[in-house]
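Contents: one structure, followed by commentary.
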There are 2 protein chains.
Amino acid sequence: MSKRYTPVSAAADVEAALRLLEGRWKLVILFHLFGGKVLRFSDLERAIPGITQKMLGQQLKALEADGIVHRQAYPQVPPKVEYRLTIWGQALCPALDAILKWADQRAEA
Amino acid sequence: MSKRYTPVSAAADVEAALRLLEGRWKLVILFHLFGGKVLRFSDLERAIPGITQKMLGQQLKALEADGIVHRQAYPQVPPKVEYRLTIWGQALCPALDAILKWADQRAEA
DNA sequence: CGGCATCCACCCCGATACTG
DNA sequence: CAGTATCGGGGTGGATGCCG
């Protein structure tokens with residue numbers, strides 16, 4: 001443990017972490033990468049009907065910069081790029097799973 | 001089970017559920033109500049340094065309308081209003097807890 | 001104390017078009 | 001296929017002031 005805890009700093013840490021997941025699309029994207037799935041750009045585009053190319057690219061770049069998503073490009077024609085969760089991203093899986101369960105409960109009612 | 005499941009509808013349900021938690025402040029507020037805590041308006045205001053009264057009131061109203069937070073007003077002078085999670089809101093606790101753990105992991109590193 | 005009203009800046013996000 | 005460029009509208013959120 002490299003850090004001391006106080007209620008205050010814990011709250012600040014949570015807020016900082018939440019910033020990384022904010023926005024209209026981030027969690028939606030992560031849900032589709034959930035479970036170790038590896039998807040191409042166009043896969044995600046098809047999996048998320050409402051999203052535009054701009055937002056998908058923009059959010060993926062942000063998630064990559066924050067170390068949550070790993071981007072692997074194959075230098076070939078036509079281009080091929082795969083996205084998957086990093087280790088840090090996979091650490092989010094329990095949270096994603098819990099949210100999924102909550103969504104299911106709401107959908108049932 | 002009152003609903004049939006397909007990958008598509010499951011994704012739609014998740015997206016719908018995420019809409020309820022979107023925005024700059026919703027999850028932050030819920031974190032402070034986490035664990036069955038009952039807080040007054042001014043308690044939340046103090047607990048979340050960056051927030052304005054407008055946003056706090058606005059987001060609390062939205063959370064109340066979505067059945068996640070319960071609002072109890074005591075008709076007295078000066079006014080006293082308490083906020084707590086509803087049953088649906090408490091169903092979010094596992095998710096909040098998982099996100100908290102993730103935040104802790106990041107903070108340690 | 002616990003709001004609401006107003007005004008306003010920003011930037012998020014969408015639509016469209018273009019590129020390697 | 002996998003993006004970027006540009007433009008523009010609207011909603012989110014901040015500051016301030018007023019009210020029961």
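Basis for what follows: all heavy atoms, side chains included, without hydrogens, waters or symmetry-related copies. Within every chain, numbering begins at 1; the chains are lettered A, B, ... in the order of the sequence lines, protein sequences first and strands thereafter.
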Rounded to the nearest Å, what distance is computed from the CG atom of residue B/L60 to the C1' atom of nucleotide C/dC1? 14 Å

Side-chain heavy-atom pair A/R71, A/L60 within 4.5 angstrom cut-off: no

Verdict with supporting geometry, B/L21 and A/W102, side chain to side chain contact (heavy atoms under 4.5 Å, CB included): CA-CA 12 Å; B/L21 306 177; A/W102 184 69; 4.0 Å; yes

Do nucleotides 15-20 of chain D as a string where each nucleotide becomes B, S or -: B if the base has a protein heavy atom under 4.0 Å, S if just the sugar-phosphate does, - if no protein is that close. B----B

Can you find a side-chain donor-acceptor pair between A/R24 and A/Q59 that sits under 3.5 Å? no

At a heavy-atom distance below 4.0 Å, what parts of residues 20-49 of chain B sit against DNA chain C? B/R40, B/F41, B/S42

Distance (rounded to the nearest 0.5 Å) between B/Q72 CD and B/E64 CD: 11.0 Å

Would you compute the distance between atom CG of A/L44 and atom CD of A/E82 and round it to the nearest 0.5 angstrom? 11.0 Å

Whole angstrom value for the distance that separates P of C/dC4 from CE of B/M55: 13 Å

For the pair made of CD in A/Q59 and P in D/dG3, what is the distance, rounded to whole Å? 14 Å

What I'd like to find out is whether the side chain of A/V38 reaches to under 4.5 Å of the side chain of A/D43, using heavy atoms alone. no

Side-chain N or O of A/Y83 versus OP1/OP2 of D/dC1: is the shortest distance under 4.0 Å? no

Check: B/G67 main-chain N/O paired with B/T86 side-chain donor or acceptor under 3.5 Å: yes

Where along residues 64-75 of chain B does a heavy atom fall under 4.0 Å from DNA chain D? none

Which whole-number value in Å describes the distance from B/I51 CD1 to C/dG3 P? 12 Å

Can you confirm whether B/L33 sits close enough to B/F31 that some side-chain heavy atom of one is under 4.5 Å from a side-chain heavy atom of the other? no

Measure CG/A/L56 against C1'/C/dA15 and give the value in whole Å, please. 16 Å

A/K61 vs D/dG3: side-chain N/O to OP1/OP2 distance below 4.0 Å: no

So, do A/L85 and A/L92 sit near enough that their side-chain heavy atoms are less than 4.5 Å apart? no

More than 12 heavy atoms of other groups within 6.0 Å of A/K37 NZ: yes

B/Q58 CD to C/dG2 C1': how many Å, rounded? 15 Å

Measuring from atom CD of A/Q58 to atom CD1 of A/I51, what distance do you get when rounded to the nearest 0.5 angstrom? 9.5 Å

